[in-house]
Amino acid sequence: MREDWIQPILDDAKAQGLQRAARVYPEAGGLIRIDGKEVLNFSSNDYLDLARHPHVMDRAREALDLYGVGSTASRLVSGTLPIHEELEVRIAREKGYESALVFGSGYMANAGTIPALAGRGDLIFADKLVHASMIDACKLSGAKLVRYAHNDAEALEKRLEQYAAAAGRKLVITESVFSMDGDIAPLKDIAALAEQQGAMLMVDEAHSSGTFGPNGAGLIRELGIENAVTVSMGTMSKAMAGYGGFIACSKPLRELLVHSARAFIYTTAPPPAVIGAALGALDVLEATPRLGSILQANADYFRSLLNDAGLDTLQSQSQIIPVVIGDNEKALAISQKLRAEGLIAAAIRPPTVPAGSARLRLSITLAHLVDDLERAAQSIISAVKKG
Ligand SMILES: *Cc1c(COP(=O)(O)O)cnc(C)c1O
């Protein structure tokens, strides 16, 4: 009786081809074994194939042995261990900022930082396609949210001008590499506009940390615009293969967040092994700085195979490659057909992407060799053309 409203919602989702379930995979990563068969997984964010890297696992184990499984308290109580500090110092240095702050996840980094930067009476200008974690953070902040057309610096300029006389703080938020489209924001233009209008700028580098820039430091660093970007946000859960989120910023901003970011204060400090793994991933990035450029060269090649066959990969310029199908059911059917051929390519449907733009979202990782990419491209091309 009290729950009889639930089933109609689930039935409705199913009727629209939008049913969701957390399917169990026997392993994680870009190349996995299912029922004894090798499967290419194009839905893993383990871009640099570090999730089972011996050094990364060693550093996780060392931290586990030294400190135990949990940090046993929140950061401001007694949960901050030497490795939390070591990681923050290291991230700040790599990213080219004065300081850094680690959060429990990328979601929490956004949920904690954005409401600390802007609140009631302030304005947030957000790209139309920013990640759900940023949108949720904006809602939590109480600031007025103004959206601008995706990756369109002119649209942002118009919005900023429209509110030029508005009181309160202004914050512009964007991703660098967009999570669903794999395209890249015009960061230099956006940074210049934010500066002109006295707005802060926060860039979510979840998908460009580790995969672009010197030692995988990201696109802000590659473009040398650290001074024009107030907050550089990233996650340890994608190219760094583990878990946890972080931001790099100025010292005063870090101090402010320590005082006011609720997603930092009211939660347990990330466990030691997770922090150890992140340090291990940074070691690998420093020792083998070309990983990101190899990944991008492979992704460029794969994209060109799809494009030469007439497939639409939108404006992708990264290891994230969408193949637009359009119809929800058709996208699902193609994904299932590929699965039978040993390829995991998730069908991404609304509301994660705009209605009518259901797609396969392919993540290229270093677990995929050039031969694998050629074989996968052939399968995808033929499934899309027949589908
Ligand atoms: C994955 C992702 C996040 C969240 O990071 P988690 O560490 O998985 O919580 C935030 N922003 C973007 C753009 C992402 O793709």
Side-chain angles (χ1 to χ4, degrees), residues 22 28-29 42-48 50-51 87-88 91 95 100-115 117 124 126-141 147 150-151 171-185 187 190 201-212 216 218-220 229 231-248 261-264 267-271 273-275 277-278 281-282 314 316-322 346 348 351-353 359 361-365:
F42 289 99
S43 299
S44 167
N45 297 320
D46 185 14
Y47 300 129
L48 303 179
L50 296 184
L87 179 59
E88 287 174 348
I91 289 171
K95 294 279 177 181
L101 192 64
V102 166
F103 290 78
S105 70
Y107 187 101
M108 287 161 77
N110 282 334
T113 304
I114 291 173
L117 293 174
I124 302 177
D127 184 287
K128 261 248 150 62
L129 296 189
V130 292
H131 192 259
S133 59
M134 297 188 105
I135 296 302
D136 293 358
C138 291
K139 287 181 185 160
L140 200 55
S141 77
R147 309 298 293 269
H150 176 55
N151 277 351
L171 170 66
V172 176
I173 59 175
T174 183
E175 290 171 36
S176 45
V177 167
F178 276 81
S179 64
M180 285 299 139
D181 289 29
D183 52 359
I184 296 179
L187 290 179
I190 291 172
L201 172 60
M202 176 166 172
V203 178
D204 180 331
E205 293 223 65
H207 298 279
S208 52
S209 288
T211 58
F212 284 92
L219 281 164
I220 294 170
V229 179
V231 178
S232 158
M233 176 271 175
T235 171
M236 284 117 75
S237 60
K238 282 158 187 158
M240 289 167 75
Y243 196 66
F246 60 83
I247 62 146
R262 298 173 68 85
F264 174 79
T267 189
T268 299
V274 155
I275 301 297
L282 291 178
L314 298 173
S316 164
Q317 292 182 63
S318 69
Q319 75 282 0
I320 298 168
I321 304 181
I348 309 283
T352 310
V353 294
R359 65 194 65 175
R361 175 184 178 276
L362 305 164
S363 290
I364 308 305
T365 81

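Every number for a ligand or one of its atoms is a count from 1 in the order of the listing. Treat the numbers as computed from the prediction; the structure is a model and nothing was measured. Note that the numbering runs from 1 along the sequence shown for the chain.
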Which atoms of ligand 1 sit under 4.0 Å from any heavy atom of [X]?
X    : result
Y107 : 4 (C), 5 (O), 6 (P), 9 (O)
E175 : 13 (C)
S237 : 6 (P), 7 (O), 8 (O)
S179 : 15 (O)
G106 : 4 (C), 5 (O), 6 (P), 7 (O), 9 (O)
H207 : 14 (C), 15 (O)

Task: Per-residue contact class, M236 against ligand 1 - non-hydrogen pairs under 4.0 Å - done: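 For M236, no heavy atom sits under 4.0 Å from ligand 1.
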
Open item on the list: Return the closest protein heavy atom for atom 1 (C) of ligand 1 as residue, atom name and distance.
Closed with: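 Looking only at protein heavy atoms, the one closest to atom 1 (C) of ligand 1 is K238 NZ, 1.3 Å.
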
TODO: Return the residue, atom name and 0.1 Å-rounded distance of the protein heavy atom closest to atom 11 (N) of ligand 1.
DONE: D204 OD2, 2.6 Å

Do [X] and [Y] make a side-chain contact, defined as non-hydrogen atoms from C-beta onward lying under 4.5 Å apart?
X    : Y    : answer
I114 : L140 : no
T211 : S318 : no
I173 : V231 : no

Open item on the list: For M134 and I124: C-alpha separation, side-chain torsions, deciding distance, then whether side chain to side chain contact (heavy atoms under 4.5 Å, CB included) applies.
Closed with: CA-CA 11 Å; M134 297 188 105; I124 302 177; over 6 Å; no

TODO: Kindly confirm or rule out an N or O of A206 lying under 3.5 angstrom from an N or O of ligand 1.
DONE: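 There is no such contact.
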
TODO: Check each of M236, E88, E205 against F246 using the side-chain contact (heavy atoms from CB on, under 4.5 Å) test, and report the only one that passes.
DONE: M236

Open item on the list: Between I220 and K95, is the side chain to side chain contact (heavy atoms under 4.5 Å, CB included) condition met? List the steps.
Closed with: CA-CA 8 Å; I220 294 170; K95 294 279 177 181; over 6 Å; no

Open item on the list: For the CE atom of M233 and the OG atom of S209, what is their distance to the nearest 0.5 Å?
Closed with: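 So the gap between those two atoms works out to 8.5 Å.
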
- [ ] Give a yes/no on ligand 1: does S133 have at least one heavy atom closer than 4.0 angstrom to it?
- [x] yes

- [ ] Search all heavy atoms of S179 against all heavy atoms of H131 and return the closest pair with its distance.
- [x] OG-CD2, 4.0 Å

